[in-house]
Amino acid sequence: MNKIIIHLFLLYSIISCGYAQQPNVAGYWKSAQFHEHTGNIPAAVYYYNEILKHQPEQSISFYYHYANLCKTINQYHTAILYFEKVCSSDSISCMPQVWIDLAMSQKNIADYNHAIHSLEQYLQYHTSDKALNERCKKELNFLQHIHEHINDSAWINVEKASTKINGEYSEYNAIQDDEYGIYFSSIRPQSTSNYNNLLDDYFISKIYLAPYSSRGLGESYSLSKHINNEKYHTGDFCFDTDKKRLFFCRKRISESKNYPWSIWMSTLNDNGEWSKPEKLNSIVNAGNSSNCSPHLVETPDFDILYFVSDRQGGFGGNDIWYTTVTDKGFSPAVNIGPTINTGGDEGSPYYNNKQHRLYFHSDYHVGYGGSDIFYAEGEFSSWTTPVNMGYPINSPANESHIKFNNDDSSGYFATNRKGSLLQSEENCCKDIYCFDIKPDTLIQHYDTIWAITLRQLKDTIQQLLPISLYFHNDEPDPKTTATTTSLDYLTTLTQYKNKLELYRYEYSKGLKDKEKSQAIDDINHFFTNKVDYGMMLLDQIKQWLLVDLQCGNNVYLTVKGFASPLFSDTYNTNLSLRRIVSFKNYIALQPEFAPYLDTNTHSNHLYFIDEPKGKSMAQKYVSNNPNDKRNSIYSIAAAMERRIQIEKYESSPSSYSQEASILLPAANNIVVKKIKNVDIYHYYFELKNIGEKTLNIDDTECDIDGIKIEMSQSEIPAQEHTFMHIICPSRTLNEHPNGKISIHSNNKTIHINVLYF
């Protein structure tokens, strides 16, 4: 942020400055060092340039230092000239990295062939700096295929935003509000007078709004003085979802000291006025460091504030950090990690909740020019390898501050590319550009499925109850008065579903035309929406039940058994008991539950409370005539009575489990609702480890070919989480609307259903 704004403030005013007729080289030296120390790089470059006019022969270290300063304020041609002076000197063998600096400047003016040559020159020195060597090789490989990258990236339309936003100075960080207009930051002069002095407050950064009008965008105006205080430069900003909180960064204006940026917050009151801002605490605004570029992400449980800081503990330059925000305040700030952050500068973070992507700019990751815009998938400190946004979003110049609109297919970013409006020399100032995805590209839908807490888990289970599981007539083990069975529920269910055609035939027998068709439809509906649905809920509650047990709780399941009124009360009570036992047998056959059914292996257990009801609660209109098979056996009414119900779920603490345990979202289902014209669905499925040991994800697989699964990380530390990225092409889902994903970990296998409709 410091480089983006301060380096541009005086670029115009410097040109009109007057100085003494006689050269004062000693004075130039003093002024150059003073302005460099206070962060006014354009002024420092001006005075160094005056020194070179009068004393062109300087040391190699001077040339190198001056070239770097010129590159910092986007004076690429001058930077190249003096980098080349260093490279042609005898001292280059002691500092071969200058070839890389030269190549990066050559990239900035799209001189890719010479940039390739410069990188090749560096690699001839075989330096011991492994990190720099690796970066050089990546840059070289990218540049050697630069035209292929450009040709492959033409899927986005880019054009300069309205002149109601862009002027001849510098604009950036545009955020579209569908109701009010477009908010943005801009560096503008505070007077139209001709200044003859080098005044730092001649140019000032503020937040503006270009409002909507009946004719489009109206003239922009700055926000209230509470936000745009004349004593500060006001830069990057973000809103919360409701536009009730505004986070922004400030930097005190001073001619003698380079104050750091800090992050502030203001709230919108009922009168539509912004409150007096408050500076965020030292967790966010660490001392002796610059802190800026806030971006707020809201979740059901807490907020995440991403921001940029050069504080200690980073990887070099400006890094992206985050803190979680709750009613209790800010958690300790955490660096998002070396996958994103580098030895260079990363900034302008923007997290797209729907895509589950972090967008940011970087001048170190391999790209087309200076700083490029990248994205990575994940959250917190867990990220995939960053992906360059490609051409035409990125260019040989510097891009930053990408933001998406609500449609997720259009938005804004800032760039100082050729064609931007300018006050002085080319590349001095950034403008805001629009982008939108071409309609002939793939349309993609993004969604995130969040894991739940243990309390939410138990509450969700309670909301699902009662769960009904259905049986064929007199099953299991017909024509017996036994109260137990060796069969399990899945076996009886399979036998039951195999009789579907018999049910269709018997229930529709004797009917004609529409009545017959309706009877068959009713049977199909019952088997799908009652029988199959009950088993799906059982699979779901089974996973949550295991998590509850693994957390050391005793669990009590109350199971009621029912029967149709065909037989005697005693017979039906025993039949209800057999049905309950078949359910318990099914649970016992799952190896993960075995320890909790054995009182000798665990301190906590799974208990069943049996409540056989027989036919005592059967509806009066259900036939009890054995000669009327259609109504007493094959009717929907009779089938509804032949069931067991998981009626009640209770759990209580017994001990605390040290084992790794996965906590999943509230439903072990990914329900893909068909959306018109969508080509690819992206789902991010959160996995939490609620144990005290590391959870290792050994493998993931799907029984539908064409669905791709990506894991943010394969190891989940205790009490941490990660995301599983599931990519579902609509063409694949049309052919296979139901499937199953399996997650194999070091302590169990979990299945997730994929349902498409």
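- Across every non-hydrogen atom of Ser730 and Tyr681, the tightest pair is CB-CE1, 3.8 Å.
- Across Ile704 and Gly739, no two heavy atoms sit closer than the pair CD1-CA, 3.4 Å.
- A donor-acceptor pair is defined here as one N or O able to donate and one able to accept, closer than 3.5 Å; such a pair exists between the side chain of His295 and the backbone of Tyr351.
- Here CD of Glu720 is found 12.0 Å from CG of Leu695. Values are rounded to the nearest 0.5 Å.
- Between Leu502 and Tyr634, the shortest heavy-atom contact is CD2-OH, 3.4 Å.
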Does Lys560 form a salt bridge (Lys or Arg N to Asp or Glu O under 4.0 Å) with Asp610? I'd like the steps, not just the answer. CA-CA 6 Å; Lys560 292 183 179 180; Asp610 302 345; over 6 Å; no
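- A donor-acceptor pair is defined here as one N or O able to donate and one able to accept, closer than 3.5 Å; such a pair exists between the side chain of Thr494 and the backbone of Leu490.
- Under the 3.5 Å distance criterion, with hydrogens and angles disregarded, a donor-acceptor pair is assigned to the side chains of Glu647 and Gln645.
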Side chain to side chain contact (heavy atoms under 4.5 Å, CB included) between Ile636 and Met640: does it pass, once the steps are laid out? CA-CA 6 Å; Ile636 304 298; Met640 290 286 288; 4.1 Å; yes
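- Checked against a 6.0 Å centroid threshold, the rings of Phe404 and Tyr359 count as neighbours.
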Stepwise, does the salt bridge (Lys or Arg N to Asp or Glu O under 4.0 Å) test hold for Glu134 with Lys137? CA-CA 5 Å; Glu134 186 64 26; Lys137 291 176 182 178; 5.2 Å; no
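- A salt bridge between Lys354 and Asp408 is present, with a side-chain N of the basic residue lying under 4.0 Å from a carboxylate O of the acidic one.
- Other residues, nucleotides and ligands contribute at most 12 non-hydrogen atoms within 6.0 Å of the CG atom of Asp705.
- Taking the centre of each ring, Phe142 and Tyr368 come in below the 6.0 Å mark.
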Between Phe374 and Phe360, does the side chain to side chain contact (heavy atoms under 4.5 Å, CB included) criterion hold? Intermediate values first, please. CA-CA 6 Å; Phe374 299 81; Phe360 62 98; 3.7 Å; yes
Apply salt bridge (Lys or Arg N to Asp or Glu O under 4.0 Å) to Lys499 and Glu501, showing your working. CA-CA 6 Å; Lys499 299 181 186 296; Glu501 192 58 43; over 6 Å; no
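- Side-chain contact of Asn335 with Asp319: a donor-acceptor pair under 3.5 Å is present, judged by distance alone.
- A donor atom on one side chain and an acceptor atom on the other are not found under 3.5 Å apart for Asp488 and Ser582.
- In this structure, the side chain of Tyr364 does not engage the main chain of Asn341 through any donor-acceptor pair within 3.5 Å.
- In this structure, CD1 in Ile449 is found 4.5 Å from CD1 in Ile670, a value given to the nearest 0.5 Å.
- When only modelled atom types and interatomic distance are considered, Ser371 and His361 share no side-chain donor-acceptor pair under 3.5 Å.
- Remark: the backbone N or O of Phe562 is paired with a side-chain donor or acceptor of Arg579 at under 3.5 angstrom.
- Between the side chains of Glu377 and His725, at least one donor N or O sits under 3.5 Å from an acceptor N or O.
- Under the 6.0 Å distance and 45° angle rule, Arg643 does not count as a cation-pi partner of Phe471.
- A distance-only check finds a donor-acceptor pair linking the side chain of Arg578 to the backbone of Asp477 [under 3.5 Å].
- Distance alone, capped at 3.5 Å, is enough to place a donor-acceptor pair between the His145 side chain and the Asn141 backbone.
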Worked verdict on Phe608 versus Ile580 for side chain to side chain contact (heavy atoms under 4.5 Å, CB included): CA-CA 9 Å; Phe608 297 97; Ile580 293 173; over 6 Å; no
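- Here Tyr503 and His472 bring their ring centres to under 6.0 angstrom of each other.
- The environment of His525 atom NE2 is sparse: at most 12 non-hydrogen atoms of other residues, nucleotides or ligands sit within 6.0 angstrom.
- Residues Tyr607 and His605 have side chains that bring a donor and an acceptor to within less than 3.5 angstrom of each other.
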Which is it for His356 and Tyr446 under the ring-ring contact (aromatic ring centres under 6.0 Å, His included) test, yes or no, and what are the steps along the way? CA-CA 7 Å; His356 208 78; Tyr446 296 82; 9.6 Å; no
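- From Asn696, atom CG reaches atom CD of Glu715 across 5.0 Å, with rounding to the nearest 0.5 Å.
- Here the closest non-hydrogen pair linking Leu487 and Thr485 is N-OG1, 3.1 Å.
- Side chains of Asn388 and Asp372: a donor-acceptor N/O pair is present below 3.5 angstrom, by distance only.
- Remark: the backbone N or O of Thr241 is paired with a side-chain donor or acceptor of Glu298 at under 3.5 angstrom.
- A donor-acceptor pair is defined here as one N or O able to donate and one able to accept, closer than 3.5 Å; no such pair exists between the side chain of Asn524 and the backbone of Thr528.
- Aromatic ring centres of Tyr489 and Phe583 lie farther apart than the 6.0 Å criterion allows.
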Take Arg642 and Asp474 through the salt bridge (Lys or Arg N to Asp or Glu O under 4.0 Å) test and state the conclusion after the steps. CA-CA 8 Å; Arg642 301 190 299 263; Asp474 202 17; over 6 Å; no
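- Between the side chain of Ser331 and the main chain of Thr324, a donor-acceptor pair closer than 3.5 Å is present.
- The two residues Met711 and Leu687 have their closest heavy-atom pair at CE-CD1, 3.8 Å.
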Apply side-chain hydrogen bond (donor to acceptor under 3.5 Å, both in side chains) to residues Tyr586 and Lys542 and explain how you reach the verdict. CA-CA 11 Å; Tyr586 169 74; Lys542 184 178 67 176; 3.2 Å; yes
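- A side-chain N or O of His721 and one of Glu686 form a donor-acceptor pair less than 3.5 Å apart.
- Between the side chains of Glu346 and Thr342, at least one donor-acceptor pair of N or O atoms lies under 3.5 Å.
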Are Gln444 and His682 close enough, and set up right, to give a side-chain hydrogen bond (donor to acceptor under 3.5 Å, both in side chains), and what steps lead you there? CA-CA 7 Å; Gln444 308 194 50; His682 296 261; 2.3 Å; yes
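- Note: Lys708 NZ to Thr732 OG1 = 13.0 Å, rounded to the nearest 0.5 Å.
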Take Leu545 and Val555 through the test side chain to side chain contact (heavy atoms under 4.5 Å, CB included) and record every step on the way to the result. CA-CA 8 Å; Leu545 168 63; Val555 177; 3.3 Å; yes
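- Partner of Phe527 under the ring pair (Phe, Tyr, Trp, His ring centres under 6.0 Å) criterion, chosen from Tyr507, Tyr496, Tyr533, Tyr470: Tyr496.
- Using modelled atom types, no side-chain atom of Asp447 and backbone atom of Tyr683 make a donor-acceptor pair closer than 3.5 Å.
- The distance from atom CG of Leu557 to atom CD1 of Ile587, rounded to the nearest 0.5 Å, is 7.5 Å.
- Considering all non-hydrogen atoms of both residues, Asn553 and Asn604 come closest at O-ND2, 2.9 Å.
- When side chains are defined from C-beta on, Pro392 does not count as touching Phe435, because their heavy atoms never get closer than 4.5 Å.
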